[in-house]
Amino acid sequence: MGAEKRKWNTRVDEYLNRKAAERGHVIAMARMGSTALERGDLDEAESWFRKAAAGGDRVSMGNLAHLLRERGAPEQAERWYREAATAGDSHAMAHLGKLCAQRGKLDDAEDWWRRAAAEGRAEAMAELGRLLHRRGELQEAEHWAGQAAEAGNVEGMITLGALLCDTGRTREAEPWWRRAGDEADAAALCKLGHQAQQRDDLTRAESCYRAAAAAGAPDAAVRLGLVLHRRGELDAAEHWYLKAAKRGDAAAMTNLGVLANDRNDPGEATAWYRKAAELGSVPAYTNLGRLAADHGNFQEAEHWFRAAADTGDEAGQRDLEELYRNSGARHRQRY
């Protein structure tokens with residue numbers, strides 16, 4: 001009976017709220033928008049949020065902006081974020097800063113993030129810390145990233161870790177990477193690291209992958225090794241590759257082979273490549289082929305190049321063609 005009474009009360013509340021909204025009550029309109037959004041009726045939610053926003057409700061302005069952004073209307077979203085931010089909504093200020101940054105308006109982005117940060121918005125502090133870090137203003141960047149991290153913001157923790165690592169304080173960074181790993185999904189941290197790597201922001205990529213490794217992401221160790229490898233930190237890269245190789249990661253084994261080959265240790269390189277090849281690593285196939293060709297073992301080289309080519313690998317196909325053209329040619333190692 002109690003459950004039925006609650007349902008009846010809910011229906012009455014919804015009826016009264018709708019009537020109030022239809023009479024122009026702004027708060028009721030905002031509630032109608034939120035209710036529609038919760039049940040997935042985006043058209044009705046947008047309609048009510050627009051009415052409440054036009055009535056001056058800044059929360060509805062922000063909600064309308066979020067909805068429009070999700071629906072693929074960034075220009076309209078920016079307009080309503082700006083309206084809400086101008087009305088004093090710090091959440092909208094932070095989002096407006098992000099939209100400005102995406103459009104390349106970094107001065108505007110910084111201005112809005114500073115305003116939101118002054119209002120206590122941790123996400124704005126984190127974004128401000130990242131922006132200042134990229135500009136090389138490390139002291140102020142550390143201040144804002146630290147504030148965001150202390151407030152529990154994962155982006156702030158990652159940025160603070162990167163800053164501490166950048167300034168030679170890796171041990172101080174490690175607790176923040178562990179905390180970020182506790183707070184965030186490992187796959188999401190790896191995705192952030194990949195995005196940073198694509199931007200060639202290797203310090204941030206390292207910070208993301210360290211946090212992901214702390215969260216238990218199985219592929220974080222090899223990704224971290226690749227970042228360190230690219231930076232020329234070969235001992236550190238080897239440490240992380242070994243961690244991943246012990247868990248059976250074929251890419252890590254291949255990369256350990258590359259490091260050994262670069263140290264002029266073809267025996268160790270071959271051993272690692274063979275382990276990786278057993279697990280189906282195509283780069284390991286081609287690297288074994290190249291080592292064999294370098295030592296004049298052309299039949300074995302053909303075997304490995306053909307194994308790679310049969311998977312559709314373009315490098316393997318090119319190496320096989322090159323072997324036929326010039327069996328004595330030397331080849332660069334892959335990783």
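Note that the coordinates shown come from a computational prediction; the quantities given were computed from them, not determined experimentally.
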With a 4.5 Å limit on heavy-atom distance, are the side chains of [X] and [Y] in contact?
X      : Y      : answer
His194 : Cys190 : no
Tyr324 : Glu321 : no
Arg69  : His95  : yes
Leu131 : Arg134 : yes
Asp200 : Arg230 : yes
Tyr241 : Leu234 : no

Should Asn287 and Arg290 be marked as a side-chain contact (heavy atoms from CB on, under 4.5 Å) after you check the CA-CA gap, both sets of side-chain angles, and the distance that decides it? CA-CA 5 Å; Asn287 287 349; Arg290 291 165 188 175; 3.8 Å; yes

Hey, does the side chain of [X] reach the backbone of [Y] with a donor-acceptor pair shorter than 3.5 angstrom?
X      : Y      : result
Arg247 : Pro218 : yes
Thr311 : Ala308 : yes
Ser207 : Thr203 : no
Trp113 : Met125 : no
Asn261 : Gly257 : no
Asn297 : Glu300 : no
His303 : Gln299 : no

Got a salt bridge between [X] and [Y], using NZ or NE/NH1/NH2 to carboxylate O under 4.0 Å?
X      : Y      : answer
Arg325 : Glu322 : yes
Glu78  : Arg103 : yes
Glu278 : Arg274 : no
Asp111 : Arg115 : yes
Arg135 : Glu137 : yes
Arg114 : Glu110 : yes
Asp108 : Arg82  : no

Is there a path from Leu242 to Leu226 through hydrophobic residues (I, L, V, M, F, W, Y) whose side chains come within less than 4.5 Å of each other?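 Linked within one cluster.
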
Hydrophobic cluster membership, Val222 vs Trp272, 4.5 Å side-chain cutoff: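 Linked within one cluster.
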
Nearest non-hydrogen partners of Ala276 and Ala250, listed with the distance: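 Heavy-atom minimum between the residues: CB-O, 3.5 Å.
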
Verdict with reasoning, Leu99 to Gln102, per side-chain contact (heavy atoms from CB on, under 4.5 Å): CA-CA 5 Å; Leu99 280 178; Gln102 288 169 356; 3.5 Å; yes

Would you check, one step at a time, whether the test side-chain contact (heavy atoms from CB on, under 4.5 Å) holds for Asp313 with Tyr285? CA-CA 10 Å; Asp313 181 65; Tyr285 294 162; over 6 Å; no

Kindly indicate whether a cation-pi arrangement holds for Arg179 with Trp176, taking the cut-offs as under 6.0 Å to the six-membered ring centre and within 45° of the axis.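 Not satisfied by the 6.0 Å and 45° rule.
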
Can you list the steps and then say if Arg204 with His133 is a side chain to side chain donor-acceptor pair (under 3.5 Å)? CA-CA 10 Å; Arg204 179 171 171 77; His133 184 199; over 6 Å; no

For a side chain to side chain donor-acceptor pair (under 3.5 Å) check, start with the C-alpha distance between Glu119 and His91, then their side-chain angles and the critical distance, and finish with the verdict. CA-CA 9 Å; Glu119 295 290 328; His91 192 46; over 6 Å; no

